[in-house]
Amino acid sequence: MTTMELNFNIFNLLPETALFLIVLYLFGATVLGAVKNSVTTRAVLSYLPILALATVILTAMSLCSRGIMFWGTYQVDGLSQFFKLLITIGFLVTIINARRQPTLEEGQRLDYFLFLAFSTWGLIFMASTAELVTIYLAMELASYSLYVIIPLRAKSKQAAEGGIKYILFGAAATALSLYGLSWILASQHTTFISELTIKSWSWAVNPMAVAGLSLFLAGLFYKLALFPFHFWAPDAYQGASNETATFVATLPKLGAVAVLVRLSVIFTPGGELTNLIAVLAALSITFGNLCALAQHDLKRMLGFSSVAHAGYILVGLVPGTPAGLAAASFYALAYLTMNLLCFWIISRIASDGRNLTYRDLNGLSQRSPWLALALTIAAISLVGLPPTVGFIGKLWLVTGAWGFGYNWLVIILCLNSAIAIFYYLSLVRHAYTEGEDDPCRGAAPDISIWSSLGAVILALAVVILGVISAPVFDLALAVGRELITLP
Amino acid sequence: MLQETFSYPVLTALIFWPMVAAILLILFKDDEKVRRATFGASLVEIALAWPLLSFQKTPDFQFQELLPWVNSWGLQYYLAVDGLSLMMIWLSILTLPVCILCSWTYIGRRIKEFHICLLLMTTACVGVFSALDLVLFYIFWEVLLIPMYLMIAIWGGDDRRYASIKFFIYTLAGSTLLLIAVTALRIEGETFAIPELMTKDFSFNFQYWVFLAMTIAFAIKVPMFPFHTWLPAAHVQAPSAGSVILAAVLLKMGTYGFLRFCLPLTPAASLHFAPLMIILSLIAILYGGAIALGQSDIKKLVAYSSVAHMGFVTLGIFLFSVRGLEGALMQMLNHGIITGGLFMLIGTVYERSHSREITKNLGLGKNLPAFMFFWGLISLASFGFPGTNGFVGEFLIIIAAFGATTRIGGVDLPLIGLLTAPGAMLAAAYVLKVTLKLAWGQPSSAKNKYWKDLNLREWVYMLLPAVFVIT
C-alpha cells in the first residue's frame, strides 16, 4: 500500500517551500541585524503580507497536487491541500491583524513573526503527515514556537502565567502522546496510518492498541483544546496579547483537525474509540458552553467557546462517512472564519492592547457601526444561526451524523445552541443596547478605514460561505470521498 | 408552467426587495427621509405583490421557483405559495406600511436602524411563508429572530433587556428541536422538499418523535400553554410596531407550522396527539382569558387575550374537521388584523399619556372620539361580535367543537364545545371592562383634556384594520 520510496517532487511541496522561504527571509533579517533598527524592522515586515498572500496563491494553485513522499510518511492529497489552504489564509489574516500590535516591544517584532511563520510551517506539515512519528514531530514543530510567543506581551504577568500553563499542559499531553505511540508500535507493529487502518481496533482483540491510540489522541486533543485537555485555553487566550490569541485560537486547531480527519478512517461507528470520541465531544460541547456563560473577559469566553467548537468538529468524525468528514473539515473552515472575524474586531476595539470585557463593548454601535455590525454577524455565526457559515457548518454536521447510532450526540449539539445563545447574544446586547451615551472606557476603538474594511471583508466571508456553501462543501466532500471509499 | 405568464419571479422579488431597500437605507442621513423612503419601499413591496392576485383557487402550489442550491445535500431554493401561505404573505406585506406609519413619531431615536430592522423582518416573514425547502424555511425562521430581538432590546420599554433575552432563548430553544426534526426528515425522507416529503409514508414511531420535536418548536411560537410566558413580556416591552408584527405575523408562524408541517408530514402522530393538543388549547383559551381579566396594563391584557385567541386557532386545527380548519384559518387572519389594530391603538394612546395603565387613560371618549370609535369597533371584533370578522372564525371553531361526533382518546367532543363557551364570554368581559373605563371612566388627571385626537396619519393607518374588521 505504502510506496516506500523517497519520491521527492518539489512541485508537490509548493506551500511548504513558500513558507520555508518566509521563515528564511525573517530569520535572515534577524541574523543580519534588522532588529536593532526599528526602521529596517518595519521595512522587513512591510513585505510580509505580500509574501503571505503569495503563499496563499501558491497553495491554492497546488490544490490538485497529489503524491506520497518520503518513504510513505508524507501524503499530499485533497485533505492536506484543503487544510493547507485554510492554514495559509489564516496565517495571512493573523499577520495582517498583528501588524500594529501595541503590547509587543519594538525589538521583538521580527522574532515574533519569525515564530508565527515557524509554527504555521509545522502546521502545514501536520496536514500532510501520514505516519504517527511524523505527526508527532510536526506537532512539536508547531507547538515550540507557540511556547515562545504566548508570553511575548510587554510587562504582563498574566501572559507569563498563560505561557507556563500552555507549556506544562503541552509537555504533559505530548508525553502521553509519545507513550501511546510506543503502545501502538508494540501492538500493531507499524506507525503508518494506511497500514493501521486495516488492523483491528477492537478492545476485545487488541486492547493495548486501543489504549495506545487513545493516549496518542491526547496530544491532538490538547492542540484542539478538547475537554478534558482544555484547561490551558482560557488562560492562554487571556494571558496572551489579543493578536497572539488570534493565532493560538485558530490555526493550531486546523492542524489538529487535519490529523484527526486523517486518523478517523480508523474509527468505525460503534467502536470503542468512536464511542470515546462521541462522549468527549458531548462533554466538551456542554462543558465549554456552560463555562462560557460565566465569563466576563471576552477572550476567556472565546476560549471556552472554542472548547465547545472543538466538540462540534468531532461530531463529524463519528459517523465515519465521507459526508461526516466533509462536515468536520467544513466546520473547521467555519470555525476559522468566524474566530478570525471575532478576534479581528477584538484587536481593533482594544487599540491599546488591553483585555476586553463585555462592558467595553457598550455603545460600540454608536462609535463604530461597522465593527458593531461585524460583531453581530460573528456572534450569530458562533451560535449557529443562519444565514452564516456557522449555521450551514452545523447543519452539515448534524445531517451527516444523524442515523449512525449517535443521535443523542446530535440532540446534545442542537440543544447547546440554546445555551450558547445567551453569552454570544450578550456581545450584541452590549454593542447595541447598552450604554449608548456612555463615554468610551479606555482607549477608543480603531475606526480607521482599514479596520472597518477588514471587519467587513471577514464578515462578508462568514455570510457568503453560509449562503453559497456548495463549492467549498463539494471540495470538502471530494476530500472525504478520497479518504473513505464506500462500497 | 405558470411562470410563463409572469415577467419576473414574484416571490424572490418580494423576499429580497425589502433587504435591498434596507441596504440602500444606509445611504440616507436625514431621519425624515429615512421614514419616507421606507414607506415608499413598503408601497413598492405591495406593488410587487400585484401578480399574486392572479392566484388560481386550487390547492396546488403556484408561482413556483426552483433552483438547485447545494446539490451534494439536495438543498434547493424552492419557493411557491398555496392559499394558506398567500394569505399570510399578504398579511405580512400589508403590515409593513402600517408599522412604519404607527412608529412615525413613536420611535424617536436610532430611526435608521429601526427601519432596517422592519425591512429585514418583512424579508424573513415572506420567506418563511413561501419557502418549500425545509432548510430554506428554517433559515428564514431563524433570521427573523435577530431583528425582532434588536427591536425589543433597543426600542423597548424599561424592562426590555429581560423581555428580549427571554424571547430569544425561548424561541431558539424551540428552533433547535425543529432543526433536529428537519435533520431526521432529511435522513428518513431523503429530501428537503416539503411537497415531496408529504408523499412519504413514515413509520408511526418516527412520526411520533418528529411530531413532538416540531410541535414544541411551533407551540412556543404560537404560543400555546404552557410555553406562553415569553409573550406577555415581549408584547409589553416591544414598541408598537414590534407588537404589531409579533401579533399579526410572528405568532401565525407557529400555527402555519402546524398546518404546513405537522398535519401533512406526520398525520398519524397528529391524530394521536390531538386530544393533548385540544386540552392544551382549551387551557389556553380559559386561562388566557381569565388572566387577561385581571390585568391593569392594557398591553398585557391584549397580550393574554392573544394567548386565548391563538388557543382557538390551535383548537380548530386539531379538531380535524373541515369547519374547524376553516375557522382556524379565518381566526389566524382575523386575529392578526384585530390584535394588530389594538396594539396600534395602544401605541397612539401611549404617545399621549406615556402610560399603558388603564387607570391613567380613563375617560378618553370625550376628548378622543375618533380613537374611541376605532377602539370600540376593533374591540367588538376582538370578542367575536356578530357582524365583525372576529365572529366568523370563532363561531366556526365553536360549531366544529360542538358538531364533531367522534370520540378521540376517550375525550367527549361536545364537552369541548361547552368549554369554549366560557372562553368566548371571558373575552367579552375583559374587552368590555377595559372599553368601559377607557371611554367613560373619570379622568385621573386634568391633563388629558389637552390630548389631541387622532391626526391624519393615525387615521390612515387605523382605517386599514377597521375596513378589514367590518368586511
Side-chain angles (χ1 to χ4, degrees), chain A residues 322-323 326-327 365-366 369-370 372-373 376-377 379-380 383-388 391-392 394-404 407 410-422 425-426 428-429 432-434 436 466-478 480-481, chain B residues 19 26 68-75 77 109-110 112-113 116-117 124 127 134-147 149-156 160-161 164-166 168-188 192 209 213:
Chain A
S365 68
Q366 308 289 302
W370 291 109
L373 180 67
T376 309
I377 291 175
I380 62 177
V383 186
L385 289 183
T388 58
F391 164 72
I392 211 82
K394 219 174 250 183
L395 180 71
W396 303 144
L397 282 177
V398 165
T399 341
W402 187 268
F404 290 90
N407 290 358
V410 173
I411 292 172
I412 287 178
L413 189 158
C414 287
L415 290 182
N416 261 279
S417 304
I419 303 176
I421 185 68
F422 182 80
L425 201 63
S426 288
V428 182
R429 197 184 77 214
Y432 274 93
T433 69
E434 302 215 345
E436 281 168 37
V467 178
I468 313 169
S469 63
V472 185
F473 185 72
D474 288 343
L475 191 66
L477 200 59
R481 294 225 172 91
Chain B
M19 201 160 128
I26 296 174
W69 184 15
V70 181
N71 283 330
S72 36
W73 270 116
L75 274 197
Y77 178 77
R109 61 198 181 92
R110 301 170 84 173
K112 197 198 284 181
E113 290 158 332
I116 290 177
C117 279
L134 279 176
V135 174
L136 195 62
F137 168 85
Y138 186 79
I139 287 179
F140 286 122
W141 171 277
E142 292 281 58
V143 161
L144 183 70
L145 296 182
I146 297 144
Y149 164 77
L150 286 177
M151 186 165 275
I152 302 175
I154 300 181
W155 297 278
R160 55 180 182 262
R161 206 171 125 183
S164 55
I165 294 266
K166 190 170 181 180
F168 208 126
I169 292 181
Y170 242 105
T171 38
L172 191 86
S175 308
T176 55
L177 293 174
L178 184 62
L179 183 63
I180 297 171
V182 166
T183 310
L185 281 169
R186 164 70 180 77
I187 301 296
E188 200 79 2
F192 280 125
W209 292 108

Considering only heavy atoms, which portion of A:L425 lies under 4.5 Å from any heavy atom of chain B: side chain, backbone, both, or neither? both
A:I411 versus chain B, heavy atoms under 4.5 Å apart: side chain, backbone, both or neither? both
Could you tell me if the side chain of B:V182 sits less than 4.5 Å from the side chain of A:V398, heavy atoms only? no
Need one label for [X]: side chain, backbone, both or neither, based on atoms under 4.5 Å from any heavy atom in chain A.
X: B:W69; result: both
X: B:Y138; result: both
X: B:E113; result: side chain
X: B:L145; result: neither
X: B:I139; result: both
X: B:A184; result: both

Counting heavy-atom pairs under 4.5 angstrom with chain B, the leader among A:L413, A:D474, A:L477 is A:D474
Checking side-chain polar atoms at under 3.5 Å, does B:R110 have a donor or acceptor matched by the opposite partner on A:S365? yes
Is it true that atom CH2 of A:W402 has more than 12 heavy atoms of other residues, nucleotides or ligands lying nearer than 6.0 Å? yes
